[in-house]
Amino acid sequence: MTINSFKRWYWFHKWTSLVCTIFLLLLCLTGLPLVFSDELRLWLGEAVEPPEHTEITTPVVLDALIKDAQSRRPNDYVKLLVRDDDGPAWFVFMGNTPTAQDNSATFMFDSRTGEFLYSLPQNEGIVNFLFRLHVDLLAGLPGTLFLGVMGLVFVASVVSGVVVYGPFMRKLPFGVVRNDRSPRLRWLDLHNLLGIVTVLWVLVVGITGVVNTLDRPLLGYWQMTEIGAMITAWKDKPRPPVLRPVDDAVRAAESAASDMLVRFIAFPGTPFAGSHHYMVFMRGKTPLTARLLKPVLVDAETGKVSDSRDLPWYLTTLLVSQPLHFGDYGGLPLKIVWAALDAITIVVLWSGLHLWWKKREMLPEQWLAETVPQGTALETPTLEGASR
Amino acid sequence: MRQPLSARQIWGMPVILALISAVGLVSALLGDGIWDVMSWFALAAPTAVVLWSIAHPASHSS
C-alpha cells in the first residue's frame with residue numbers, strides 16, 4: 001500500500017466512524033440487554049411461562065381461545081393467533097379494528113388446557129423502551145430507516161478499518177498489547193486487536209441489522225403484491241356471515257403442507273388474509289426452515305384451501321437475517337457469547353472515539369510513524385513515495 | 001531493527017478467527033444439540049483470544 005492510499009483509507013475510516021459511532025454505541029448498549037429480552041421480561045414480570053403439566057390432555061380447541069379473547073375485549077377484533085415457538089402456548093393479538101397496526105391487547109393461553117394465562121403489557125415496561133430505542137430511536141419508521149443508513153456507514157467503517165489494520169501491524173506480532181509505553185499505544189493496540197478478532201461477527205450483525213430495518217417496507221410490498229394477488233378474486237365479496245372455526249383452517253393448511261407446522265394465523269379482515277379467508281402461515285421443522293413461512297389461504301366459508309405460495313427471496317433474506325442479528329438461535333450459552341462480542345464492540349467503538357480525540361491534531365503518517373516500532377513507518381518499499 | 005512481517009504473519013490469525021466465527025454463526029442455524037455446542041465454542045474463540053492477549057502483555061517495547 002502506498003502512503004497516499006493509506007492516507008485516503010485512514011481518512012475514510014475516521015469519517016465513516018465519526019458519523020456513526022454515537023448511534024452504534026447506543027445500538028450496542030441497548031442491544032446488550034435485548035439479547036436477553038426473553039429472560040428479562042420473565043424476570044421483570046412482563047411475561048409468564050406456561051405452568052408444568054404432567055398429564056396428557058386432548059389438543060386444545062383454538063376456537064375456544066378466540067371466543068375467550070373476544071369476550072375479554074368485546075369491541076375489538078382478533079387480528080392474529082400465534083403459536084409460541086418455545087413453549088406450550090398460543091397468543092391472541094387483538095386490535096381496535098382488524099387493520100389496526102397497533103395491538104389493543106395480547107392474550108396468552110395454555111396450549112394444552114386452553115386456560116387463560118396472561119395479558120401482555122402493551123408498549124410499556126423497560127424492555128419495550130429499550131427495544132423501541134434500539135429499533136427506531138422512538139421515531140417510528142423514519143427512525144428505523146435512519147438507523148439502517150447508520151448501519152451501512154458502520155459497515156463501511158469496519159471494512160476501511162480492516163484495510164488500515166495491515167499498515168499498523170507491519171511490525172507487530174498478532175495480539176500484542178503494548179502496556180509499557182504511552183496509554184495511547186495501549187488504546188490503539190486494543191482497538192486493533194478487539195476490532196480485528198470480532199470483525200466477521202460485527203459485519204454479520206451489522207449487515208443483518210440493516211436488512212432488519214427494511215422489515216416493514218418489505219412486508220408491505222409483499223402484502224401489496226403476492227398476498228394481494230392471492231386474495232384478489234375475493235376482493236369485492238362480503239365477509240361470510242358465519243366464519244368456519246379457525247381449527248378447520250388449521251386442519252386444512254396442515255394437510256396441504258403436511259411437512260410443516262403452524263406458526264400463526266391471520267384472521268379474516270386483516271391485511272394479510274382479506275375479507276373472506278384465514279391466512280395460515282406454516283413454517284418448517286429444522287432450525288433454519290423454522291424461520292421461513294409459507295402462506296396458505298383458507299376460505300373462511302368453506303374451510304377449503306384456495307391458494308398457497310412460497311416465500312419470495314427478499315423475505316427469505318429478511319427472515320434468515322433475524323436470528324443472525326438477535327443471536328437467539330442457540331440457547332442461553334449463545335446469548336452469553338453474543339453479549340461478550342457486543343461488549344467487545346462497545347470497547348472498540350469507545351477506544352476509536354478516544355484515539356480520535358487524543359490525536360485529532362496529528363497527521364495520519366505521523367501517527368503511523370509513532371505507532372509502528374522503531375518509528376520507521378515510511379521507509380519500507382510497501383509505503384514508497386513518502387518523504388520523512 | 002525489526003523486519004516487516006509477511007502478509008501471512010499479519011493476516012493469518014485474523015483470517016483463522018474469521019473462519020471460526022463463520023462456522024459458529026452458521027452451525028446453530030443448521031441443527032440443534034451438537035450444532036449449538038459447536039457455535040458456542042466457535043463464537044467464544046474471539047473473546048478467548050482477547051482475554052489471552054490481555055493476560056499476556058507484550059514484552060515488545062522495542
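Just so we're on the same page: letters track the sequence lines, and every chain starts at 1. Below, all heavy atoms of this structure are taken into account, side chains as well, without hydrogens, waters or symmetry copies. These numbers come from a predicted model, not from an experiment.
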Taking the six-membered ring for Trp, is the centroid-to-centroid distance between B:Trp11 and A:Tyr165 below 6.0 Å? yes
Considering only heavy atoms, which portion of B:Trp52 lies under 4.5 Å from any heavy atom of chain A: side chain, backbone, both, or neither? neither
Show me the side-chain donor-acceptor pairs of residues 32-47 of chain B shorter than 3.5 Å, one per line, residues at least two apart or across chains.
{"residue": "B:Ser39", "atom": "OG", "partner": "B:Asp36", "partner atom": "O", "Å": "2.9"}
{"residue": "B:Trp40", "atom": "NE1", "partner": "A:Gly330", "partner atom": "O", "Å": "2.7"}
{"residue": "B:Trp40", "atom": "NE1", "partner": "B:Asp36", "partner atom": "O", "Å": "3.4"}

Only pairs of heavy atoms separated by less than 4.5 Å count here; which of A:Val162, A:Val197, A:Leu288, A:Thr289 has the most with chain B? A:Val197
Which word best sums up how the rings of A:His325 and A:His134 line up, parallel for under 30°, tilted for 30 to 60°, or perpendicular for over 60°? tilted
So which of A:Leu193, A:Leu203, A:Leu341 has the largest heavy-atom pair count under 4.5 angstrom toward chain B? A:Leu341
Short question: side chain of A:Tyr329, backbone of A:Leu334 - any donor-acceptor pair under 3.5 Å? no
Output yes when a side-chain donor or acceptor of A:His13 lies under 3.5 Å from a complementary backbone atom of A:Ser160, and no otherwise. no
Counting heavy-atom pairs under 4.5 Å with chain B, the top scorer among A:Ile344, A:Leu185, A:Ile336 is A:Ile344
Would you confirm whether A:Ser321, through its side chain, and A:Thr208, through its main-chain N or O, come within 3.5 Å as a donor-acceptor pair? no
Among the listed options B:Val50, B:Leu29, B:Leu30, the residue most often paired with chain A at heavy-atom distances under 4.5 Å: B:Leu29
Test item: A:Ser37 side-chain N/O and A:Pro33 main-chain N/O as donor-acceptor pair under 3.5 Å: no
Is A:Val204 close to chain B through its backbone or its side chain, or both, or neither, when contacts mean heavy atoms under 4.5 Å? side chain
Interchain contact, A:Leu324 with chain B, by part (heavy-atom threshold 4.5 Å): side chain
Which bit of B:Ile54 comes within less than 4.5 Å of chain A, counting heavy atoms only: side chain, backbone, both or neither? side chain
Proximity breakdown for A:Pro333 and chain B, heavy-atom pairs closer than 4.5 Å: both
